[in-house]
Amino acid sequence: MRMTRYFLPLLKEVPSDAQIASHQLMMRAGMIRQAAAGIYSWLPLGLRVMQKIERIVVEEQTRAGHLPMLMPTLQPATLWEESGRYSDYGEEMLRITDRHDRKLLYGPTNEEMITDIFREHVHSYRDLPLTLFHVQWKFRDEIRPRYGVMRGREFLMKDGYNFDVDQDEAIHAYNRHMVSYLRTYERLGLQAIPMRADTGPIGGNHSHEFLVLASTGESRVHYDAAILDLKLKDAAIDYDSHDRCAAVVAEWTTPYARTEETHDATVFADRVPAGRRVESRAIEVGQIFYFGTKYSEVMGATVTNAAGQSVPVHMGSHGIGVSRLVGAIIEAHHDDRGIRWPLSVAPFQVGLVNLAHNDTGCRTTCEQLYRELAGLGLEVLYDDRDESPGAQFASMTLIGLPWMVAVGPRSLAGGEVEFTERASGIRSSHPHETAARHLADRIGLPPV
RNA sequence: CGGGGCGUGGCGCAGUCUGGUUAGCGCGACGGUUUUGGGAACCGUAGGUCGUUGGUUCGAAUCCAAUCGCCCCGACCA
């Protein structure tokens with residue numbers, strides 16, 4: 001993408017409304033624009049990041065055997081009257097009336113609708129286990145939206161729902177989700193800690209939240225520092241194996257880690273050595289629930305089991321805040337000059353900068369590198385603007401692409417171009433003829 | 001919802017207390033010239049119903065009232 005043809009409204013100054021780093025940087029990098037309190041437009045650069053996150057989330061869910069679908073944003077109130085939540089949910093639910101005076105609501109979550117779909121079409125234990133998910137916009141009319149996309153009223157969430165014949169199977173689904181979530185966060189460049197959680201208005205009795213440590217987080221958390229040493233890595237996990245999934249869950253939930261709501265100071269002091277007790281702030285980026293037959297009983301979602309009896313199906317639900325993750329990743333990866341995107345979610349992997357717009361040699365080299373890098377499968381943002389080098393460097397640093405390739409007369413005189421890795425700040429030079437391949441190797445792309 | 005604050009060119013702000021003639025400043029934008037390795041310099045240009053409505057007054061960005069919007073602190077939440 002050539003910058004002169006892109007839509008990238010960068011801001012030099014910090015908008016006065018933005019308080020925390022991620023919000024300020026998203027505004028300055030031209031990723032979002034506020035439409036109303038807690039409601040944002042996603043500009044091209046921001047959308048690219050959000051879509052990359054969504055893709056990773058979907059890939060990991062699919063890998064775990066969960067099936068993508070899509071439910072609407074608007075739901076009939078009748079479903080929620082059936083579950084009792086139309087009156088229970090309160091002011092956070094945005095209620096809408098259509099032209100025929102029918103009551104609708106902008107979905108804050110989808111347990112009712114998915115249960116309705118399930119009960120209509122699934123009747124036998126032979127069709128289980130079943131886990132369906134979608135990535136869809138939600139609306140929760142927060143009392144006080146804040147921190148940009150971190151606490152928006154409208155937000156993009158992946159929410160999934162499992163249906164199982166009994167509690168054992170449903171707990172396996174719960175475990176499977178924890179593993180798939182840990183994998184997801186790791187791919188996103190985040191260290192997310194599962195913490196025992198309250199179940200809140202969704203209900204149920206078995207739940208974990210996933211929290212990313214950040215000083216600007218809204219949650220206060222207490223944990224055993226030993227949990228920070230856990231790594232899932234790329235271990236191939238058999239999602240069909242109850243034992244393997246349970247083992248991973250056991251490993252990750254044994255060290256003490258709780259939010260303020262479930263924190264028990266006595267247990268904390270008893271079980272965790274003094275030197276490893278950490279209290280900190282964190283951002284919640286996901287939550288999983290097992291709630292048994294809470295919805296299936298009231299809504300009549302039953303299956304016939306192997307013994308021929310009709311039993312209410314066991315369910316759980318699981319959510320990952322996709323739009324919030326954009327902010328959370330920035331909170332975890334930035335410095336005082338801008339964003340430092342992890343490679344996996346970077347809007348472009350490489351920024352190519354022509355430092356001397358009117359220099360034929362620089363321009364020719366840039367054009368060639370631009371073609372070569374794209375040919376190797378790299379996503380390149382090419383700064384072909386006629387700006388001063390200082391402004392170009394500052395823009396690239398702000399946007400935070402993992403790699404910058406600078407082409408200027410000084411190094412090009414020696415036949416070289418300059419690489420800068422955003423995360424480390426380390427610069428190096430390389431002959432321009434082989435620069436594209438060299439960078440592809442550094443990034444780890446296979447030969448074409 | 002309780003408490004606090006703010007609405008003035010695209011962005012950041014001054015001016016409001018103490019009403020007074022063409023509403024300023026920095027950044028940005030546009031045109032030109034000179035520049036070009038970490039947010040360049042100079043010259044010029046465009047852009048504002050001072051959130052909205054009503055009131056007080058000879059006169060309102062400024063005083064009064066209402067209203068809309070946004071932000072911060074608290075209780076609630078992916």
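All chains are named by letter (A, B, ...) in the order of the sequence lines, taking the proteins before the strands, and each is independently numbered beginning at 1.
- We find that A:K158 and A:E54 are not joined by a salt bridge, their nearest charged nitrogen and carboxylate oxygen being 4.0 Å or further apart.
- Residues A:E421 and A:R427 are not paired through a salt bridge, judged by the lack of any N-O separation under 4.0 Å between the basic side chain and the carboxylate.
- Listed by chain and number, the residues in a side-chain hydrogen bond (donor to acceptor under 3.5 Å, both in side chains) with A:E433 amount to none (sequence neighbours excluded).
- Applying the 4.0 Å criterion to OP1 and OP2 of B:U36, one finds that A:Q392 has every side-chain N and O outside that range.
- Only A:R337, listed by number, bring a heavy atom of residues 335-343 of chain A to less than 4.0 angstrom from any atom of RNA chain B.
- Between the base of B:G37 and the side chain of A:S388 there is no donor-acceptor pair shorter than 3.5 Å.
- The gap from the C1' atom of B:A46 to that of B:G7 amounts to 25 Å, rounded to the nearest Å.
- Residue A:G286 is classed as a sugar-phosphate contact, given heavy-atom separations below 4.0 Å to backbone atoms only.
- Ion pairing of A:E154 with A:R140 is absent here, as no side-chain N (NZ or NE/NH1/NH2) approaches a carboxylate O to less than 4.0 Å.
- Here the separation of B:G24 from B:G20, taken at their P atoms, is 14 Å to the nearest Å.
- Looking at A:I399 and A:I339, their side chains never come closer than 4.5 Å, going by heavy atoms from C-beta outward.
- Taking a 4.0 Å limit (strictly below) on heavy-atom distances, residues 5-22 of chain A reaches RNA chain B at A:K12, A:E13, A:V14, A:P15, A:S16, A:D17, A:Q19.
- For the OP1/OP2 pair of B:C71 and a distance below 4.0 Å, the side-chain nitrogens and oxygens of A:R146 include no atom meeting the criterion.
- Between A:Y147 and the phosphate of B:C73, there is a side-chain N or O to OP1/OP2 separation shorter than 4.0 Å.
- One finds a salt bridge joining A:R340 and A:D335 here, because a Lys/Arg side-chain nitrogen approaches an Asp/Glu carboxylate oxygen to under 4.0 Å.
- The side chain to side chain contact (heavy atoms under 4.5 Å, CB included) search around A:Q19 returns none, not counting sequence neighbours.
- Here A:A37 lies in heavy-atom contact (under 4.0 Å) with sugar-phosphate atoms only.
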Steps toward side-chain hydrogen bond (donor to acceptor under 3.5 Å, both in side chains) verdict (A:R176, A:T131): CA-CA 11 Å; A:R176 207 171 57 225; A:T131 296; 3.0 Å; yes
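- Evaluation of atom-type donor-acceptor distances gives a pair under 3.5 Å for the side chain of A:R28 against the base of B:G39.
- Within residues 421-436 of chain A, the residues that place at least one heavy atom under 4.0 Å from RNA chain B are, in residue-number order, A:R427.
- Salt bridge A:R183/A:E59: absent, no basic N to carboxylate O contact under 4.0 Å.
- Taking only side-chain nitrogens and oxygens, A:R144 never comes nearer than 4.0 Å to OP1 or OP2 of B:C1.
- Within 4.0 Å of A:S411, counting heavy atoms only, lies at least one base atom of the nucleic acid.
- Between A:Y290 and the choices A:H318, A:H314, A:H177, the side chain to side chain donor-acceptor pair (under 3.5 Å) rule is met once, by A:H314.
- Results of the side chain to side chain donor-acceptor pair (under 3.5 Å) test with A:Y174 over A:E169, A:H208, A:Q167 single out A:H208 as the only residue that passes.
- Remark: A:E218 does not engage A:R281 in a salt bridge, criterion side-chain N to carboxylate O under 4.0 Å.
- Remark: nothing in residues 41-49 of chain A comes within less than 4.0 Å of RNA chain B through any heavy atom.
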